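Below, each value reflects all heavy atoms present in this structure, side chains not excepted, and no hydrogens, waters or symmetry copies. Being a predicted model, the structure only gives us computed values, none of them experimental. Below, chains carry the letters A, B, ... as their sequence lines are ordered, and counting in each starts from 1.
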Number of protein chains: 2
Amino acid sequence: MTVSKAAEKTAEKTSEKPADPAKGRKDAAESQGQGAAEALQLGGLSEQLGYVLKRAQLKVFENFLRCMASLQLTPAQFSVLLLVEKNPGRNQTEIASTLGILRPNFVAMLDNLESRDLCARIRSTNDRRSHILVLTDKGKAVLARAKKLVATKHEARLNDLLGQSNREALIAMLSKIANEF
Amino acid sequence: MTVSKAAEKTAEKTSEKPADPAKGRKDAAESQGQGAAEALQLGGLSEQLGYVLKRAQLKVFENFLRCMASLQLTPAQFSVLLLVEKNPGRNQTEIASTLGILRPNFVAMLDNLESRDLCARIRSTNDRRSHILVLTDKGKAVLARAKKLVATKHEARLNDLLGQSNREALIAMLSKIANEF
DNA sequence: TATTGTTATACTCTATAACTATA
DNA sequence: TATAGTTATAGAGTATAACAATA
């Protein structure tokens with residue numbers, strides 16, 4: 001991976017969106033054949049937790065990438081920078097495992113961030129097997145800008161959509177699910 | 001894919017879970033070296049929509065797979081069977097696009113379901129390019145059992161966790177995000 | 001012997017281009 | 001020419017085994 005392919009692509013792509021039952025329908029009159037394309041029955045799917053959760057997650061990640069297009073940061077990269085900043089002196093294993101990233105998969109991710117001069121690996125003097133992670137000055141600056149973008153463009157949108165108290169309730173319920181389901 | 005690798009694997013795997021800040025901590029006394037491994041600061045990550053949404057979604061899908069282990073159905077496969085049942089006479093393009101699945105990727109999915117005798121492709125007599133999708137008798141029976149498992153084991157768990165009214169509020173908010181974010 | 005970072009590898013998901021057979 | 005299903009392919013994401021350096 002050279003830069004952030006995921007972020008690059010998402011800005012321009014026209015991926016397969018689920019058909020909107022309202023907009024997707026064609027009037028019977030406007031189709032040239034016999035039967036027009038009626039909207040499909042979802043059969044309760046839109047009341048099922050996993051279905052709606054997955055769709056919401058995809059939408060939110062898409063929006064995140066759009067908001068961060070200028071910084072070329074994916075949600076995962078943002079979370080890594082945030083954790084490295086908040087936890088000075090930690091090594092790769094500690095940062096990765098906290099985020100649920102497997103150590104082998106964390107290597108390429110760090111290679112990417114390091115090649116962009118956003119963070120650096122420093123060999124620990126205590127334990128020369130470990131790489132202590134630190135943000136570079138550029139990394140700190142980018143993260144600061146990223147936080148602002150997330151707060152003002154991304155999270156703010158959720159407030160607009162649900163309102164402050166609903167937003168908090170939503171996050172609380174999702175946290176509960178993430179921790180206890 | 002022979003059968004459902006995803007479902008097979010999930011039942012037995014010990015994937016990388018994010019460290020629980022409470023349980024992950026070691027007491028300073030029990031570590032043999034100098035400093036014990038303190039829990040890392042998440043730095044507001046657990047209040048961020050995308051982070052908690054992704055984690056909740058992973059947990060819910062894991063639970064879904066466990067609940068469906070006896071039927072070997074993934075969430076995506078379940079949604080396909082449900083849609084085929086509820087929308088007789090529809091072709092691959094219509095079912096796939098409604099679920100946000102790209103047509104090329106839908107082919108292997110159907111090959112799998114068809115090889116397990118859960119559904120069948122039927123050449124349309126109106127338009128011989130189209131494959132009308134139908135459930136086999138076995139497919140109908142499996143889907144019926146799947147619906148019961150989802151309702152009694154999977155969705156019921158959400159009620160236990162959040163309560164009925166919170167559950168409905170959660171689904172409503174996620175739907176709103178999925179549709180309007 | 002155990003752990004850290006790493007490589008190699010594999011499987012799933014997702015995405016695009018292009019082919020074929022029909023229309 | 002346009003569309004339905006398909007093939008081939010490529011890129012992310014995620015998973016495991018095993019190695020070298022170090023403890």
Side-chain angles (χ1 to χ4, degrees), chain A residues 1-18 31-34 37 54 57-58 61-62 65 74-77 79 90-97 99-112 114 121-133, chain B residues 1-18 26 31-34 37 54 57-58 61-62 65 74-77 90-97 99-112 114 121-133:
Chain A
M1 201 195 290
T2 50
V3 183
S4 173
K5 282 283 176 55
E8 275 173 31
K9 288 181 64 178
T10 307
E12 53 191 55
K13 84 180 161 200
T14 310
S15 78
E16 186 74 6
K17 314 274 191 193
S31 79
Q32 76 281 43
Q34 49 277 28
K54 178 72 177 180
Q57 186 259 309
L58 289 174
F61 270 43
E62 273 177 37
L65 289 170
T74 65
Q77 290 168 336
S79 68
R90 299 297 187 153
N91 65 22
Q92 295 184 199
T93 296
E94 292 170 314
I95 299 291
S97 79
L99 291 173
I101 302 170
L102 290 166
R103 268 59 85 226
N105 298 333
F106 197 46
V107 174
M109 238 188 119
L110 275 185
D111 287 347
N112 178 346
E114 206 171 16
R121 294 161 160 111
I122 301 179
R123 278 230 109 88
S124 168
T125 48
N126 300 338
D127 182 343
R128 288 177 38 74
R129 293 171 302 183
S130 291
H131 289 170
I132 301 306
L133 298 180
Chain B
M1 200 195 290
T2 51
V3 182
S4 174
K5 282 281 178 56
E8 274 172 34
K9 288 180 64 176
T10 307
E12 54 193 56
K13 85 180 158 198
T14 311
S15 79
E16 186 74 6
K17 314 273 188 190
K26 297 180 202 165
S31 79
Q32 76 282 45
Q34 51 278 26
K54 178 73 177 180
Q57 186 259 310
L58 289 174
F61 270 44
E62 272 176 38
L65 289 171
T74 65
Q77 290 168 337
R90 298 298 186 150
N91 65 24
Q92 295 184 198
T93 296
E94 291 171 314
I95 300 290
S97 81
L99 291 173
I101 301 171
L102 291 166
R103 269 58 85 226
N105 298 333
F106 197 46
V107 174
M109 235 187 121
L110 275 185
D111 287 348
N112 178 346
E114 206 171 16
R121 296 160 158 112
I122 301 178
R123 279 231 109 87
S124 168
T125 49
N126 300 337
D127 183 342
R128 291 178 35 76
R129 292 171 302 184
S130 291
H131 289 170
I132 301 306
L133 298 180

Engineer: Whole Å only: how far is the CG atom of B:Leu58 from the C1' atom of C:dT12?
Structural biologist: 14 Å

Engineer: Can you tell me which nucleotide in C:dA15, D:dT16, C:dG5 comes closest to the side chain of A:Leu102?
Structural biologist: D:dT16

Engineer: Round to a whole Å and report the spacing from CD of B:Gln77 to C1' of C:dT12.
Structural biologist: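 Roughly 12 Å, once rounded to whole Å.
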
Engineer: 5'-most contact on DNA chain C: B:Arg123 or A:Asp127, nearest heavy atom basis?
Structural biologist: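 Nearest nucleotide further toward 5': that of A:Asp127.
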
Engineer: Return the NZ to CG distance between A:Lys54 and B:Leu99, rounded to the nearest 0.5 Å.
Structural biologist: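 If I round to the nearest 0.5 Å, the distance is 13.0 Å.
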
Engineer: In whole Å, I'd like the distance from the CZ atom of A:Phe61 to the P atom of C:dT14.
Structural biologist: 14 Å

Engineer: Measuring from B:His131:NE2 to B:Phe106:CZ, what's the distance to the nearest 0.5 Å?
Structural biologist: 12.0 Å

Engineer: Can you find an N or O donor on one side and an acceptor on the other, under 3.5 Å apart, linking the side chain of A:Asn105 with the base of D:dA15?
Structural biologist: yes

Engineer: Starting from P on D:dT7, measure out to CZ on B:Arg103 and report it in whole angstrom.
Structural biologist: 16 Å

Engineer: Just the rounded figure in Å: distance from C1' of D:dA21 to CD of A:Gln92.
Structural biologist: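 Rounded to whole Å, this separation is 14 Å.
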
Engineer: Output the single nucleotide from D:dT6, D:dA4, C:dA8 whose closest atom is nearest the side chain of A:Pro104.
Structural biologist: C:dA8

Engineer: Rounded to the nearest Å, what distance is computed from the CE atom of residue B:Met109 to the P atom of nucleotide C:dC11?
Structural biologist: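 Computing the B:Met109:CE to C:dC11:P distance gives 19 Å.
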
Engineer: It should be established whether B:Thr93 places a side-chain nitrogen or oxygen under 4.0 Å from OP1 or OP2 of nucleotide D:dG5.
Structural biologist: yes

Engineer: With a 3.5 Å distance limit and no angle check, can you tell me whether A:Glu94 reaches the backbone of A:Asn91 through a side-chain donor-acceptor pair?
Structural biologist: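 Side chain of A:Glu94 to backbone of A:Asn91: a pair is present.
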
Engineer: Base of C:dT3, side chain of A:Arg129 - is there a donor-acceptor contact under 3.5 Å?
Structural biologist: yes

Engineer: In this structure, how many angstroms lie between the P atom of D:dA4 and the CZ atom of B:Arg90, rounded?
Structural biologist: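 Checked: the CZ to P distance equals 13 Å.
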
Engineer: Starting from the 5' end of DNA chain D, give me the residue, A:Arg128 or B:Phe106, whose nearest nucleotide shows up first.
Structural biologist: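 Mapping each residue to its closest nucleotide by heavy atoms, the 5'-most match is B:Phe106.
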
Engineer: To the nearest 0.5 Å, how far apart are CE in B:Met109 and CD1 in B:Ile95?
Structural biologist: 11.0 Å

Engineer: Quick check against the 3.5 Å criterion: does B:Arg123 have a side-chain atom that pairs as donor or acceptor with the backbone of B:Arg121?
Structural biologist: no

Engineer: Which whole-number value in Å describes the distance from A:His131 NE2 to C:dT7 P?
Structural biologist: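 After rounding, the gap between these two atoms is 10 Å.
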
